[in-house]
Amino acid sequence: MQKSLASQIVIPPQSPSAIPIVAPSEGSNTSTPETKPAPTKPPSKGNAKRLCRNVIIHGFCKYEGKGCEFNHEPTNNNNNATTTTTTSSTTAATTTAAATTTSTIHNGNSHPSAKVSPQGSPENNSKIRIQSPRSNSAMVSSVSAESVNAPIFVPKTVGMTPGTSSNDEGLGNDSKLDNYLDECVESLDKKFEQVRLHNQEDSVGSPQLPTAQQQSPASQQMMSMMQPDAYYYMGTPMFTRQPLQYHLYTSGLVPVADPLPHQRAIQSFFMPDKLRESLTQRNETTLLSAPARDLGLPQEVHVYHSLYQLEEHNSQSSPFFGHSSRVYKAVSSVDGCTYTLVRIEGFRLVNELAMASVEYWRRIRHCNIVSIHEAFTTQAFGDSSLVFVYDYHPCAATLQSLYFTPQGQAMMQAELQAAGINSMLIPETTLWSYITQIASAIKTAHGSGLAVRTIEPSKILMTGKHRIRINDVAMLDVLQFDNEHNTALQQQADLLAFGKLIVSLACNSPQSIHSLPQSVELISRYYSPDLKDVVLYLLSEPMATKTVDEVIRMIGPRILHEINSSQSYADGLESELRRELENGRLVRLLSKMGFINERPEFDMDPSWSETGDRYIIKLFRDYVFHQVDENGLPVVNMVHVLSCLNKLDAGVDEKIVLMSRDEESCLIVSYKEVKNCILSAFKDLTSGRK
Ligand SMILES: Nc1ncnc2c1ncn2[C@@H]1O[C@H](COP(=O)(O)OP(=O)(O)OP(=O)(O)O)[C@@H](O)[C@H]1O
């Protein structure tokens with residue numbers, strides 16, 4: 001029985017379960033040009049003029065004068081290129097100290113065998129091998145310990161153990177790395193050049209329209225400011241975030257003409273590029289951070305930390321109804337969520353009652369209103385500031401910036417042209433969508449006895465495609481607090497502001513509200529009579545019978561259209577979600593198994609993963625990932641892996657045969673049992689067992 005099973009599932013007796021990560025040994029680290037000279041390559045034409053890669057990357061070339069055929073005299077241009085592409089190379093350029101020791105640092109944590117000296121210590125002339133986060137592919141460069149005076153993120157390299165390149169035969173470790181690095185840099189240069197050419201072609205030929213999110217200042221800032229904030233990361237190793245290369249994701253395949261019924265385009269297996277890009281961009285924007293001291297901001301304001309200004313960096317504070325205001329995103333230490341802080345500078349709260357309206361607004365939860373959470377006064381900015389805390393919607397942009405700035409208008413025009421619309425005006429369906437959303441928000445506010453008071457293009461955020469939300473609610477109630485205020489009048493003002501907003505959007509100009517007759521004339525010429533009627537109603541004199549309910553009655557049929565569109569969109573997103581659903585589950589499972597397996601050091605108990613539950617998990621890991629076929633070749637079968645993991649996650653009763661690597665023992669267990677083993681081993685791990 002065992003034999004026949006063994007012939008089905010052959011596990012090599014000595015198959016390594018993981019790629020060993022070996023600390024560079026003294027001997028290999030201290031390899032010098034004298035002991036291991038670089039092999040001489042046949043000179044190629046023009047090499048003498050090309051700047052040596054070692055100079056670009058390390059600042060010097062140890063093979064200069066010892067056979068390296070490249071140019072070692074950097075020109076100004078080359079220097080510039082070096083400084084703009086990598087910071088570590090700039091640092092390294094100052095370094096000529098002789099290498100005595102080499103260490104490897106990963107994620108800021110040095111390898112146990114690494115010798116990383118504090119600045120100024122006698123070991124400062126030792127060399128530290130740093131994997132620079134310069135590009136998607138990790139890079140390696142050498143700098144002396146003195147030059148490491150800033151926190152550095154060192155991304156873990158994947159499959160790039162130094163010296164593992166197949167081209168390294170016969171070279172010392174440093175030479176291997178240098179050669180490997182050269183290859184990396186060269187291939188990256190080629191890739192960047194291809195991408196640059198591709199982008200140029202795109203911009204000349206068929207313009208790709210950036211989304212609303214791409215235009216937002218937040219997303220532009222994202223690319224420029226990628227700094228770590230120690231506070232944000234709460235003592236975890238600091239790292240520099242690298243901007244995602246969205247273009248590298250895009251498959252961009254040519255569509256197959258008339259595919260057969262059973263054929264599917266490769267794109268149909270994955271989330272649409274636009275959606276993925278937009279979601280990733282939002283995540284990236286949410287994580288944007290910079291050291292507070294560099295931004296001149298306090299470390300902490302009330303319970304919020306990691307403040308990051310949302311407007312253009314260093315821009316003047318913008319006036320909010322006569323008050324200077326600044327907008328930041330910040331992380332709450334209470335729930336870890338990111339919020340928007342709107343700070344009114346130099347504001348003294350005279351009457352505590354003014355804050356009461358914040359409490360009323362806090363209870364309002366509406367999909368077209370940016371929710372407010374709290375308001376407080378603080379001296380943390382060095383003045384007396386009033387701060388309002390709202391939900392944070394990454395990559396949001398105001399209607400003002402999207403429709404009434406030259407940049408926004410150019411983008412809108414390009415977008416319309418791409419959709420085959422030859423007009424500068426916003427399509428009517430889009431306008432109806434905005435009208436429906438704002439009417440719905442007003443209805444909720446008025447229904448709760450409140451007035452919105454911020455219905456204007458600079459206070460309405462676009463947070464997704466044609467998805468708008470009224471921002472800064474409750475602010476005016478506090479800033480212009482009046483005990484005697486007349487809510488009914490303010491609600492009438494809301495309707496008037498609503499009418500003006502539609503006019504300015506329909507006429508594509510904020511000035512159009514100053515010449516209403518001409519604007520209404522334009523609307524009646526280019527849009528349906530229904531739209532004109534709504535505008536005229538909203539612009540009419542205030543009266544008791546003029547209510548948002550009446551507006552909703554007028555736009556009834558359009559609301560149905562909006563509901564249909566929203567539901568179709570929700571269906572689309574749901575089907576995307578369904579496809580991605582398994583990913584999270586499986587990653588969680590794999591992570592748990594990764595945490596449990598191969599922990600001989602745990603609790604000084606070398607048999608931790610060799611006994612009981614853990615042994616079953618280990619054998620299961622082999623069963624899923626380390627099977628070999630009858631020829632001893634690894635079985636790389638994703639279907640097998642996915643089906644095993646799914647069955648494991650579901651905990652089905654199906655039984656499998658697990659066999660030890662020496663083929664001496666054989667266990668018959670169900671997925672359910674393996675699942676229970678994993679649960680209990682993980683619980684063991686996380687229960688603080690000593
Ligand atoms: N709740 C929020 N979530 C995400 N981003 C926001 C939020 N509130 C504001 N922003 C961003 O902050 C920027 C500045 O907001 P602000 O309200 O000051 O707009 P503004 O265009 O500067 O208007 P104003 O000139 O009237 O101040 C906006 O362009 C928007 O991108």
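For ligands, and for the atoms within them, numbers begin at 1 and follow the listed sequence. Both backbone and side-chain heavy atoms feed into the values below; hydrogens, waters and symmetry mates do not.
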Can the ring centres of His373 and Tyr339 be said to be less than 6.0 Å apart? yes
Under 4.5 Å between any side-chain heavy atoms of Tyr434 and Met462, yes or no? yes
Test item: Leu295 and Leu307 side chains (from C-beta on) under 4.5 Å apart, heavy atoms: no
How does [X] reach ligand 1, if at all, at less than 4.0 Å between non-hydrogen atoms: by side chain, backbone, both, or neither?
{"X": "Gln400", "result": "neither"}
{"X": "Val342", "result": "neither"}
{"X": "Asp472", "result": "side chain"}

Residues Asp494, Arg453: salt bridge by 4.0 Å N-O rule: no
Can you tell whether the side chains of Glu576 and Arg579 come within less than 4.0 Å, N to carboxylate O? yes
Short N or O distance, [X] and ligand 1, threshold 3.5 Å exclusive:
{"X": "Asn471", "result": "yes"}
{"X": "Lys459", "result": "yes"}
{"X": "Ala396", "result": "yes"}
{"X": "His393", "result": "yes"}

Proximal atoms of ligand 1 relative to [X] (non-hydrogen, under 4.0 Å):
{"X": "Val327", "answer": "9 (C), 12 (O), 14 (C), 15 (O), 16 (P), 18 (O)"}
{"X": "Val370", "answer": "1 (N)"}
{"X": "Tyr392", "answer": "3 (N), 4 (C)"}
{"X": "Asp391", "answer": "1 (N), 2 (C), 3 (N)"}

Heavy atom to atom 29 (O) of ligand 1, shortest distance: which of Thr338, Leu399, Ile372, Thr398 holds it? Thr398
Once the angle between the rings of Phe381 and Tyr328 is folded into 0 to 90°, is it parallel (under 30°), tilted (30 to 60°) or perpendicular (over 60°)? parallel
Report, one line per pair, each donor and acceptor closer than 3.5 Å where one atom sits in a side chain of residues 535-542; sequence neighbours left out.
residue	atom	partner	partner atom	Å
Tyr537	OH	Thr545	O	3.3
Tyr537	OH	Thr547	N	3.2
Ser540	OG	Tyr537	O	2.5

Name all residues meeting the side-chain contact (heavy atoms from CB on, under 4.5 Å) criterion together with Glu580; count only those two or more places apart in sequence or in a different chain, and write none if there are none. Met271, Asn583
